[in-house]
Amino acid sequence: MAVEPQYTPQPFLSNLPPEPGQRRFALAVTLFSALTFIALAPFAKLPLAELWGFIPVYQSAIVVIDLTTALLLFGQFAILRSRALLALASGYLFTAFMAVAHMLTFPGLFAPSGLLGAGSQTTAWLYMFWHAALPLAVIAYARLDGGLDAEPQRLGRPAIAIAGCVLAALVLACALTLLATAGHDGMPAIMNGNSYTLGMISAVASVSLMNVVALFAVWRRRPHSALDLWMLVVLCAWFFDIALATVLNAGRFDLGFYAGRVYGLLASSLILLVLLIENGKLYARLAAALQGERRERQRAQDKTLELNALNESLERRVTLRTAEFDEINVELQAEVGERERAESDADDARQRLAGIIESAMDAIITVDDQQRIVLFNSAAEVLFDCSQNEALGASLDRFIPERFRASHAEHILRFGRAAIATRRMATQRVVTGLRRSGEEFPIEASISQLVLNSSKYYTVIVRDVTERMRSEEALRRSKRELDEMAAVSATAREQEKSRVARELHDELAQALTVLRLDVNGLRQRGLASDAPSAATLLAMEKMLEHTVAATRRIAADLRPLMLDDLGLVPAAEWLVENFKERHGIDCRIAVSPADLELADPHATAVFRIVQESLANVARHAEAAHVVVNIACSDAEINLRIRDDGCGFDLSHPRKPNSFGLVGLRERARLVDGEINIDTAPGRGTSIEVRIPFGGPSGRAA
């Protein structure tokens with residue numbers, strides 16, 4: 001009676017037991033998250049600044065992380081055929097879709113009430129649907145087939161199952177989005193502006209209950225796999241996210257709002273991180289298997305050489321010692337058996353290596369010294385849209401754009417002559433690959449070389465970085481737009497300050513001065529016959545005098561009119577003199593050349609940097625002397641402010657609501673300048689600013 005071979009699970013995160021180190025690390029992450037939650041909970045209602053840029057950055061990160069996690073889980077499902085993995089991957093994909101809808105409908109982000117026809121309750125309900133999806137997916141994961149010893153399910157073609165789940169997740173996300181937008185008027189109200197209503201309690205309770213049920217379902221699943229362990233950590237972080245962002249806080253843009261989303265980002269990232277670590281271990285096993293196959297092949301070659309030597313010896317001894325034929329034949333059979341065992345071991349090693357290569361998530365291609373493909377794994381078939389049978393024996397040039405083929409051949413030739421055996425992916429620039437359809441796409445590749453039987457083979461591991469390149473370009477574009485907005489905002493702010501200062505000086509101060517003169521005239525002409533009236537007029541005159549002085553001081557603080565009327569040097573000298581009078585600190589200024597004249601924005605930037613630096617000295621430095629140096633050449637403007645105060649430690653974190661150094665750096669950056677701060681406790685502070693100067697055309701005559 002034939003015995004069916006026992007199924008041996010492949011080494012993946014979902015069917016390997018957690019190691020003791022993993023358990024300890026997961027427990028440490030959970031305890032740290034819980035302690036942080038306990039520390040933040042009392043301050044959850046603390047209002048913070050409305051950072052609108054936080055929402056698209058956070059949502060974009062969630063979308064990228066969840067899509068990547070879903071992709072990796074779908075890849076493992078394609079190998080293991082586990083319905084539990086399919087359900088979990090679908091859950092992560094659905095959360096990515098809902099995060100997109102949540103970001104588009106967020107009020108005030110892209111439109112006053114959000115896109116897609118959103119109402120005041122749309123974003124809140126989408127948040128509830130989104131945060132209910134992952135617990136439901138985890139419950140399905142815990143209840144479906146799986147476990148450490150589960151065999152692959154007969155689900156037909158995995159691509160069809162994956163496509164069905166992707167379509168189902170997309171349809172469900174669209175349906176819920178439509179319910180929260182088109183059906184907005186029929187949904188219970190859970191938001192009142194940026195605050196919550198009593199109706200939020202039922203919604204949050206339902207979502208929290210789902211999270212607790214999911215946590216209990218995974219906990220009961222025995223025995224635990226490494227993926228189960230990390231799903232428990234994810235559910236804890238997910239629970240803290242819901243508690244901070246919807247239960248303990250008062251509304252949007254408070255501490256609970258931001259902290260809850262940080263927990264959500266942690267929950268989304270954990271599974272992705274452990275999956276990436278798993279891929280790293282897979283590559284390590286691949287390298288070990290390859291090395292073992294090399295040793296087995298070398299052993300087979302050594303045994304073959306020994307067998308050949310024995311055969312030659314046997315031929316000589318047969319002619320001389322026929323009587324010893326049986327004994328020698330026994331020795332020969334023993335050697336042949338050893339060789340067969342060595343070849344069998346080598347064949348087993350090759351099969352193990354082939355299994356690892358086929359299960360790799362990145363494309364692996366091996367070519368000979370003529371650039372003909374001799375190995376083409378499943379990931380390469382998907383990446384280049386070319387079957388293995390079609391690729392084997394073909395030239396590697398087939399997957400390289402024609403304009404790069406000559407340079408690629410030269411690169412391989414130089415690498416083959418080099419002494420190094422491998423070149424890691426991280427040291428390479430992004431290159432271009434070519435699919436069978438003719439489509440070009442960016443890739444990263446690492447290459448290694450190996451000599452076997454006097455023939456050289458090159459193995460390339462290829463990764464598609466299309467999405468990463470798009471994300472990087474989007475980040476660069478966003479930074480450029482923010483820089484432009486900052487420059488426009490700074491210019492508008494200076495113009496408004498100048499307008500307000502001039503109106504205070506020319507209108508309000510002049511009117512108060514005229515009024516003071518009138519009161520003085522009344523008092524001098526003796527219109528007040530009694531002593532109390534004369535005293536009242538005198539008090540009014542003094543009050544008007546103080547008011548005029550205060551008005552002019554406020555106007556000067558906003559923007560000294562002499563900066564626009566007389567230029568940078570008189571304005572800076574006035575600023576230094578005013579600083580000495582106000583704070584009693586010795587302050588000197590040196591300008592080179594003495595007749596320096598600068599146009600905006602350079603004049604405004606230099607003046608504001610000096611002004612903010614002196615303000616920082618007055619507030620924090622406890623200095624006795626300050627020196628300001630301004631020097632200008634045809635190439636650049638050099639500004640230095642040095643004090644003999646107490647100094648500080650640059651490595652210490654910035655104090656809350658303290659933006660002095662941040663403001664200096666922003667002022668310098670708006671004119672493409674560089675700022676260097678040299679300080680230490682007890683030895684004062686030196687601030688040096690270099691602003692590139694466009695030559696004579698940049699000066700104001």
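Side-chain atoms are counted along with the backbone in the values below, which use heavy atoms only and exclude waters and symmetry mates. For the single chain, residues carry numbers from 1 onward in sequence order.
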#### Entry: Reported CG-to-CZ distance for the pair L86 and F77, which is rounded to 0.5 angstrom
4.5 Å
### Message
Would you say that I62 contacts T95 through its side chain, given a criterion of any heavy-atom pair below 4.5 Å between the two side chains?
### Response
no
## Note on the structure
dist L67:CG -> L72:CG (nearest 0.5 Å) comes out at 11.0 Å
### Task
Provide the closest heavy-atom pair for M103 versus P56 in the form atom of the first, atom of the second, distance.
SD-CA, 3.6 Å
### Query
With I365, which of T459, I461, L396 fulfils side chain to side chain contact (heavy atoms under 4.5 Å, CB included)?
L396
### Query
How would you list, by chain and number, every residue that makes a side chain to side chain contact (heavy atoms under 4.5 Å, CB included) with I65, sequence neighbours excluded?
T69, L265, S268, S269, L272
### Message
Can you confirm whether F441 is buried at CZ, in the sense that more than 12 heavy atoms of other residues, nucleotides or ligands lie under 6.0 Å from that atom?
### Response
yes
### Query
Can you name the nearest heavy-atom pair linking Q76 to L85, along with the distance?
CB-CD1, 4.0 Å
### Task
Compare every heavy atom of A89 with every heavy atom of L73, then report the nearest pair and how far apart it is.
CB-CB, 3.5 Å
### Closest heavy-atom pair and its distance - P442, T466
CD-OG1, 3.4 Å
#### Entry: Residue among V138, N211, L266 satisfying side chain to side chain contact (heavy atoms under 4.5 Å, CB included) with W238
N211
### Query
Any side-chain heavy atom of Y258 sitting closer than 4.5 Å to one from L48?
yes
### Message
One pair to check against side chain to side chain contact (heavy atoms under 4.5 Å, CB included): L273 and W230. What are the steps and the verdict?
### Response
CA-CA 10 Å; L273 290 175; W230 287 108; over 6 Å; no
### Task
Could you tell me which residues satisfy ring-ring contact (aromatic ring centres under 6.0 Å, His included) with F74, sequence neighbours excluded, listed by chain and number?
none
### Message
Could you measure the distance from the OH atom of Y92 to the OG1 atom of T68? Nearest 0.5 Å is fine.
### Response
12.0 Å
### Query
For A137 and A87, which heavy atoms make the closest approach, and how far apart are they?
CB-O, 3.8 Å
### Summary
To the nearest 0.5 Å, atom CD of E390 lies from atom CG of D385 at 9.0 Å
### Query
Can you name the residues that form a side chain to side chain donor-acceptor pair (under 3.5 Å) with E439, not counting sequence neighbours?
R435
### Task
Taking atom types as modelled, find out whether N389 and S387 have a side-chain donor-acceptor pair closer than 3.5 angstrom.
no
### Query
Does E381 use its side chain to pair, donor to acceptor, with the backbone of Q388 at less than 3.5 Å?
yes
### Query
If you measure from SG on C236 to CG on L31, what distance do you get to the nearest 0.5 Å?
9.5 Å
### Query
With F376, which residues qualify under ring-ring contact (aromatic ring centres under 6.0 Å, His included), at least two apart?
F399
### Task
Assess whether atom CZ of R220 is packed by more than 12 heavy atoms of other residues, nucleotides or ligands within 6.0 Å.
no
### Message
Would you say that T432 contacts I443 through its side chain, given a criterion of any heavy-atom pair below 4.5 Å between the two side chains?
### Response
no
### Query
Under 4.5 Å between any side-chain heavy atoms of L136 and F94, yes or no?
no
Scan the side chains in residues 166-180 for donor-acceptor partners under 3.5 Å anywhere in the protein, sequence neighbours excluded, and list what turns up.
from: T177; atom 1: OG1; to: A173; atom 2: O; distance (Å): 2.7

### H131 side, atom NE2; M210 side, atom CE - distance, nearest 0.5 Å
13.0 Å
### Query
What are the two closest non-hydrogen atoms of L126 and A101, and how far apart are they?
CD1-O, 3.7 Å
### Query
So do L93 and F97 actually touch side chain to side chain, heavy atoms under 4.5 Å?
yes
#### Entry: Greater than 12 external heavy atoms within 6.0 Å of F25's CZ
no
### Message
Please enumerate all residues that pass ring-ring contact (aromatic ring centres under 6.0 Å, His included) together with Y58, with sequence neighbours excluded.
### Response
F54
